Amino acid sequence: MNDLGNSAISRRRMLKGGTALGAYFLLPRSADAQHQGHDHSQMGLDPGPIVQAAAAAMDQPLLEPEVRRSANGVLNTTLSCRYAYKDIGGQRLYLRSYEGTSHGPTLRMKPGETLKIRLSNDFPPNRDVLPQNMALPHQFNNTNFHFHGAHCSPSGISDNVMRSMVPGKKYDIEITLPKDHTSGTYWYHPHHHGGADVQIASGMAGALIVEGDFAGVPEITNAKERVMLMSQVVYDAFGMIENFSTLFPETATRFLAINGQRRPTITMRPGEVQRWRLVGSQYQDDLFLELEKHNLNVIAYDGIQLRSMQELKTLLFAPGQRADILVQAGAPGTYEFRALPYDQGHPSPVGPLARLVVSGDPLPMKLPAALPKPPFEDIKDSEITGRRTVTFSATSPEADAAGHWQEFTFLVDGKTFNPNRIDQRVKLGAVEEWTITNTHFHDDHVFHIHTNPFQVTQVNGQRQPDLLWRDSVIVPRNGGSVVFRSRFLDYTGVFMLHCHMMNHEEMGMMQTVEVYKD
Ligand SMILES: [Cu+2]
C-alpha cells in the first residue's frame with residue numbers, strides 16, 4: 001500500500017500517545033518555528049488537522065499499492081520479506097510484510113514476458129523446531145513465491161511452491177509466461193507450507209496484472225482502473241500474528257479492509273464507469289459483496305475474460321478468486337460497498353469495505369454492449385481422456401466453532417498433506433474431467449489448483465450454463481460437488497491442489513499433482 005504519509009501516521013501516534021501527547025505535540029511545533037515563511041500545510045507541520053487525521057482511521061481516500069512494470073520484456077524487481085509496523089483501521093500492528101507495506105507492490109507485465117524477482121528473506125530466524133506432524137503450522141519465517149493463477153512452469157526457479165526460502169538469504173525467481181497467456185487480474189503470495197497462512201493473513205499478497213485484455217473495447221480500456229486487495233484483519237493483544245490460534249477461530253476477524261485500509265472512500269462522477277480489479281486475498285472466508293444501489297458488472301473471473309458481462313446485485317467472493325467488475329456510478333450520493341451476511345457453514349464476515357462517494361459534474365460513459373470472444377474454447381466431451389475424483393473432508397469436535405484448532409483435521413482423499421507423496425499423476429497431453437466432492441457437513445471449501453485453469457460444468461449436479469473458467473471454486477458442504485474439465489497440455493512437474501481457505505490448507509488440506517511425460 002502507498003504510504004499514508006508520515007505526517008498522517010505521526011499525527012495519529014500523537015493522539016494515541018496518551019500522556020506522551022504533550023511531548024509529541026511540541027516536536028512539530030518547534031520544527032514549525034524553524035521554518036517561518038514556508039508553506040507549513042504542504043510540509044505536514046501544520047498542527048491544525050491533527051484531530052481530523054486521528055479520527056479518520058476510516059474514510060481516507062482509497063490508496064493503491066505502488067506499481068512496478070515490465071520493460072523490454074522483463075519485469076525485474078526485488079521483494080524484501082520483513083516485519084513492519086502497519087497502521088490499519090486505527091490499529092498499529094506489527095506484521096510480516098512485503099517491502100514493509102500493507103500489501104506488496106502491484107506487478108504489471110504482458111503475456112510472453114518474464115518476471116524476475118530477487119527475493120530477500122529478511123525475517124528473523126525461526127525459533128520453533130519442526131513438528132512431528134509436518135501437515136501442521138510451523139516455522140512462520142520461511143517463505144517462497146507463488147504466482148496465483150499463472151499458466152507457467154511449476155519447476156526449478158519458476159512458480160515452484162516446493163522451494164524453501166529461509167531467513168537471512170536471498171533467492172532468484174524467474175517466471176516466464178507463454179505468449180498466449182490470458183490477460184487479466186492475478187496475484188502473488190507466499191506458499192511455503194507451514195507459514196503461508198500467517199503470512200497471507202498479515203497482508204503478504206500483491207496484485208499481478210497481466211496486461212492487454214479487452215483491447216478494442218473502449219468502454220473498458222477507457223475506464224479508470226482500481227486494484228483492490230481484500231483482507232480480513234486479524235491480530236492478537238500485541239497487534240501481531242504469532243500463533244495459529246490468532247487465525248483459527250471462525251470469529252477471528254476484527255474487521256475487513258481493502259488495500260490495508262478500513263472503509264476507505266472511492267470517488268466517482270455521476271455516470272462514470274470504473275474497472276475494479278478485486279483480489280480475493282482475504283485469508284480464510286468468503287465475502288458476499290454488495291455495492292449499495294449499484295450493479296457489480298463482472299467482465300472476468302480469475303483473470304479470464306467472460307463471454308458476456310454478468311450484471312450482479314451481489315457477488316459471492318471466495319479466498320483466492322478474482323473478479324473484474326465494471327461499476328457505473330449512479331446519482332450523486334454516498335453508497336456503501338460491503339460484505340453482507342452469508343452462511344458458508346459458519347457466518348461469513350460482514351461489514352463495510354469502502355464508501356463510494358458520487359459527486360461532481362456528470363461524466364457520461366457507457367458499459368460495453370458486448371464482450372469479445374473469450375480466450376479458451378469449451379472442452380468438449382470428445383476431448384476427455386480421463387476422469388478422476390477428489391474428496392475434501394474434515395473432522396471436528398462436538399462443539400465445532402468452540403474447538404481448539406488442534407481438535408480439527410482437514411483432509412483430501414482421507415489424508416493430510418505430505419510433500420514427499422505424489423497424490424495425482426496426470427499424463428502430459430491429458431484432458432480430464434474431475435469431480436470434487438465435499439463430504440464435510442459443516443463448511444463449504446474452496447478448491448484451487450495451480451498451473452492449469454479449469455472449466456466448471458456442474459455444481460451440486462446442476463449443469464452450469466455459463467461454463468465459467470476458473471482457478472478457484474467453492475465446493476458446497478455436506479455432500480456438495482463441483483465437476484470441471486481441464487487441459488494438461490504444456491507443463492510437466494509437480495504442483496498443488498488445495499483448499500484456499502488458508503487455515504485448512506495449513507492444516508493439511510492439500511495434495512501434490514504431477515504432470516509427467518512418457
Ligand atoms: Cu477448506
Side-chain angles (χ1 to χ4, degrees), residues 133 135-137 146 148 161 189-191 193-201 205 230-232 234 244-253 280-288 302 316-321 342-349 389-397 400-401 403-418 423-424 434-450 454 456 459-460 470-482 484 496-513:
N133 179 355
L136 297 179
H146 175 47
H148 181 122
V161 299
H189 59 78
H191 209 301
H193 185 63
D197 188 4
V198 165
Q199 293 175 14
I200 292 175
M230 307 289 157
S231 58
Q232 298 170 254
V234 288
F244 207 66
S245 301
T246 306
L247 305 175
F248 193 82
E250 288 164 357
T251 52
T253 304
S281 47
Q282 74 273 17
Y283 78 101
Q284 176 66 8
D285 295 299
D286 298 341
L287 299 175
F288 190 45
D302 294 0
L316 183 60
F317 196 48
Q321 295 182 332
Y342 183 78
D343 179 9
Q344 57 178 107
H346 61 272
S348 303
T389 60
V390 173
T391 303
F392 281 173
S393 66
T395 61
S396 47
D400 198 290
H404 185 273
W405 62 270
Q406 291 193 2
E407 297 177 82
F408 294 77
T409 56
F410 294 94
L411 310 160
V412 185
D413 292 340
K415 294 175 215 154
T416 54
F417 178 62
N418 179 348
D423 297 298
Q424 309 289 342
W434 291 25
T435 301
I436 316 300
T437 303
N438 174 7
T439 62
H440 186 201
F441 74 97
H442 185 262
D443 265 324
D444 298 348
H445 291 280
V446 182
F447 177 93
H448 169 58
I449 189 167
H450 297 188
F454 52 81
V456 177
V459 176
N460 282 351
R470 285 207 170 272
D471 61 50
S472 304
V473 66
I474 294 171
V475 188
R477 61 188 175 277
N478 207 10
S481 64
V482 167
F484 66 72
M496 302 294 149
L497 69 81
H498 59 90
C499 180
H500 218 292
M501 299 167 80
M502 292 304 298
N503 289 346
H504 301 167
E505 183 209 297
E506 208 69 286
M507 290 183 63
M509 203 175 224
M510 177 152 70
Q511 280 193 337
T512 56
V513 182

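When reading the values below, keep in mind they use all heavy atoms of this one structure, side chains included, and skip hydrogens, waters and symmetry mates. Every number for a ligand or one of its atoms is a count from 1 in the order of the listing. Just so you know, these numbers come straight off a predicted model, no measurement behind them.
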Q: State the atom name: nearest N, O or S atom of His445 to the Cu ion (ligand 1).
A: ND1
**Q.** Atom of His504 closest to the Cu ion (ligand 1), considering N, O or S atoms
**A.** ND1
Q: Would you kindly say whether Thr395 and Thr409 are connected by a side-chain donor-acceptor distance under 3.5 Å?
A: yes
(Q) Pairing donors with acceptors under 3.5 angstrom, does anything connect the side chains of His498 and His191? (A) yes
Q. Is it true that some N/O/S atom of His500, main chain or side chain, lies under 2.8 Å from the Cu ion (ligand 1)?
A. no
Q.
Please check this pair: side chain of Gln344 against backbone of Asp286, looking for a donor-acceptor N/O pair closer than 3.5 Å.
A. yes
Q: Measure the acute angle between the ring planes of His440 and His442, then classify it against the limits of 30° and 60° as parallel, tilted or perpendicular.
A: tilted
